[in-house]
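First the structure, in the form of structure tokens, and then the observations on it.
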Amino acid sequence: MRYIEPHGHMVSLVTDDYLDMATAGCQAVCEPAFWAGFDRSSADGFHDYFCQLTEHEPKRAARFGLPHFCWLCINPKESEDIALADDVLALIPKFLDRPTVLGIGEIGLNKNSRNEVKVLEKHVDLAAREQQLILVHTPHLEDKLKGTRLILDVLQSDSRIRPERCIIDHVEEHTVRRVLDAGFWAGMTLYPESKCTSARAVDIVEMYGAERVWMNSACDWGVSVPLAVPYAALEMRRRGHSAEAVDRLIYQNPIRFLSQCPKFKLPA
Amino acid sequence: MTRQKLLDLYFMDARARLIDLAAFLDRIDRGQGEADFRLNALRQAIAELGKPDQGRAERVLLSLSDPTLEPIAAAPGKGAIGAYPG
Ligand SMILES: [Zn+2]
């Protein structure tokens with residue numbers, strides 16, 4: 001089995017997790033910028049984090065033969081403070097031409113507040129001006145439906161944004177249809193408690209198809225499973241999906257989306 | 001996949017989750033004090049399971065979701081609780 005982990009917060013994981021992922025067939029890992037579980041007190045904290053994502057983490061992954069890519073932004077959980085967000089947004093352009101940066105993400109909403117929407121709009125504008133791919137985080141639990149609607153409004157009201165260059169992550173049964181119908185890619189996050197279980201992710205694939213969909217573990221500092229993608233692949237096989245269908249979903253699909261950024265290349 | 005095969009794959013898991021849910025409701029009954037809105041939200045969501053039409057998972061999720069469309073004035077914190085207080 002081969003797969004891409006298109007959304008993993010490797011800074012939160014121990015080195016043994018890299019070993020396990022590489023052993024399970026992982027061919028590349030992509031890491032969106034996110035909330036560290038605590039608030040950074042200034043833009044300097046983000047500067048260091050962006051250095052960690054673009055310099056340190058690729059070296060750690062390389063020890064296991066894994067190419068490591070990343071996405072940059074200030075995440076929605078720290079977007080209530082607009083002044084801080086502006087400072088961080090001003091930092092991002094000088095990192096964008098680094099060789100492993102794939103785009104702007106994971107942007108989006110958390111509690112669906114006015115300031116979160118403003119900061120989302122600023123990121124979308126930056127992505128449009130710099131012609132970057134976009135990776136979107138949708139809110140958790142009771143906030144997901146509303147957040148997904150607001151995010152789609154923001155993206156669709158900017159005529160520069162091409163939906164096929166944006167992935168809306170953490171979809172579930174009540175949000176996936178509107179994401180796909182609007183032409184965006186949809187990410188399914190495999191979490192033990194919230195978001196999707198493997199069985200439900202396979203249900204969604206069976207109901208809505210696998211044309212513009214990927215699966216990720218979004219493994220981070222919370223309760224999450226770094227090998228969730230290969231486990232979901234096993235679930236697909238148990239449900240009678242062919243090895244070719246599994247490969248398309250967990251390997252070829254992420255490559256198809258991510259290759260829209262010319263920097264995403266796997267070693268020959 | 002045939003229903004027979006799906007039952008072979010998932011029946012024990014669904015049975016275990018169902019008993020857990022039943023035991024949880026019993027535990028709540030044995031507890032003291034007032035419950036908050038989450039209990040009612042859960043009961044309403046459970047009612048979706050008894051309906052025959054497809055889309056139960058989607059309807060359960062919708063019944064636990066904030067249905068409004070206006071952004072709120074300011075984020076009250078970072079967390080979500082799993083049901084909408086109304
Ligand atoms: Zn994430």
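What you see is a predicted model; the values in this text were computed from it and never measured. Each chain gets a letter, A, B and so on, in the order the sequences are listed, and its residues count up from 1.
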When A/M207, A/K77, A/E116 are compared by non-hydrogen pairs under 4.5 Å with chain B, the top option: A/K77
Greater than 12 external heavy atoms within 6.0 Å of B/Q54's CD: no
Heavy-atom contact with chain B under 4.5 Å, split by part of A/K146: both
Option in B/T68, B/V60, B/L6 with maximal non-hydrogen atom pairs under 4.5 Å from chain A: B/T68
Row check, A/Y49 ring normal vs A/R40 NZ/CZ: under 6.0 Å, within 45°: yes
Per-residue contact mode, B/L69 against chain A (heavy atom under 4.5 angstrom): both
Pair A/K118 + A/E121: basic N to acidic O under 4.0 Å: no
Interatomic distance, A/F50 atom CZ to A/L72 atom CG [nearest 0.5 angstrom]: 5.0 Å
Which portion of A/R149 sits near chain B, non-hydrogen atoms under 4.5 angstrom: side chain
Lys/Arg-Asp/Glu bridge criterion (N-O < 4.0 Å) met for A/E173, A/R200: yes
Between B/A57, B/A73, B/G79, B/P76, the one whose heavy-atom pairs under 4.5 Å with chain A are most numerous: B/A73
Interchain contact, A/D39 with chain B, by part (heavy-atom threshold 4.5 Å): side chain
Basic-acidic side-chain contact under 4.0 Å: B/D66, A/K144: no
Proximity breakdown for A/N110 and chain B, heavy-atom pairs closer than 4.5 Å: side chain
Residue part contacting chain A, namely of B/A75, when any heavy atom lies under 4.5 Å: both
